[in-house]
Amino acid sequence: MSSAICPLFVEMCPAGVANSVSGPGFGGGTGLLPWISDRFGGRRLSFLFFGVGACLGGTLLLLSLWVTGSGWGMVFLCVWIGFFGIGWYSLFLVQVAESTV
């Protein structure tokens with residue numbers, strides 16, 4: 001598609017790439033975070049806070065790589081956000097289910 005015909009398409013391409021790159025991080029975080037929580041005594045709430053804090057802190061730290069223009073830094077940032085930012089959701093669901101029982 002030509003950018004003259006569809007200027008929105010040109011701006012959507014980087015977002016699609018970022019979403020695709022964050023997918024493996026999401027897949028890993030969905031399975032690994034609850035598994036690690038089970039191995040360390042089932043302290044799910046502390047792992048939830050760790051996951052959210054790691055996502056926020058790591059994102060702020062890794063955004064400096066984006067400003068400098070590092071392509072691999074952006075790939076790592078997307079995987080980091082996928083792992084901690086989206087992957088903690090399954091751990092959250094386990095915490096909610098256990099707290100209602």
Side-chain angles (χ1 to χ4, degrees):
M1 267 187 179
S2 170
S3 61
I5 296 171
C6 185
L8 185 63
F9 179 75
V10 175
E11 293 182 16
M12 287 175 47
C13 287
V17 170
N19 192 22
S20 297
V21 171
S22 66
F26 165 65
T30 300
L32 284 176
L33 289 176
W35 180 78
I36 292 171
S37 172
D38 287 342
R39 295 292 173 235
F40 289 102
R43 296 183 308 250
R44 304 208 195 289
L45 199 56
S46 39
F47 274 95
L48 282 171
F49 285 125
F50 171 75
V52 171
C55 181
L56 288 173
T59 301
L60 292 175
L61 179 67
L62 292 169
L63 277 176
S64 66
L65 295 174
W66 181 41
V67 171
T68 60
S70 171
W72 286 108
M74 280 306 296
V75 168
F76 188 73
L77 173 65
C78 290
V79 171
W80 183 273
I81 290 173
F83 190 86
F84 286 109
I86 307 169
W88 68 270
Y89 186 67
S90 62
L91 186 60
F92 170 72
L93 291 177
V94 171
Q95 171 66 28
V96 168
E98 285 182 350
S99 66
T100 59
V101 174

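The residues of the chain are indexed from 1 along the displayed sequence. Here the structure is a predicted model, which is why all the values come from computation and not from measurement.
The six-membered or imidazole ring of Phe92 lies near that of Trp88, with a centre-to-centre distance under 6.0 Å.
Linking Ile, Leu, Val, Met, Phe, Trp and Tyr whenever their side-chain heavy atoms come within less than 4.5 Å leaves Leu33 and Ile86 in two separate clusters. Cluster membership for Leu77 and Phe26, using ILVMFWY side-chain heavy atoms within less than 4.5 angstrom, is not shared. When hydrophobic clusters are built by joining Ile, Leu, Val, Met, Phe, Trp and Tyr residues whose side-chain heavy atoms come closer than 4.5 Å, directly or via intermediates, Leu91 is grouped together with Tyr89. Clustering ILVMFWY residues whenever any of their side-chain heavy atoms sit less than 4.5 angstrom apart, transitively, puts Trp35 in the very cluster that holds Leu45.
Side-chain contact between Phe84 and Val52 is absent, with no heavy atoms from C-beta onward closer than 4.5 Å.
A donor-acceptor pair under 3.5 Å is formed between the side chain of Ser90 and the backbone N or O of Thr30. A side-chain donor-acceptor contact under 3.5 Å links Ser99 to the backbone of Gln95.
The two residues Ser22 and Cys78 come nearest to each other via the heavy atoms CB-O, 3.2 Å.
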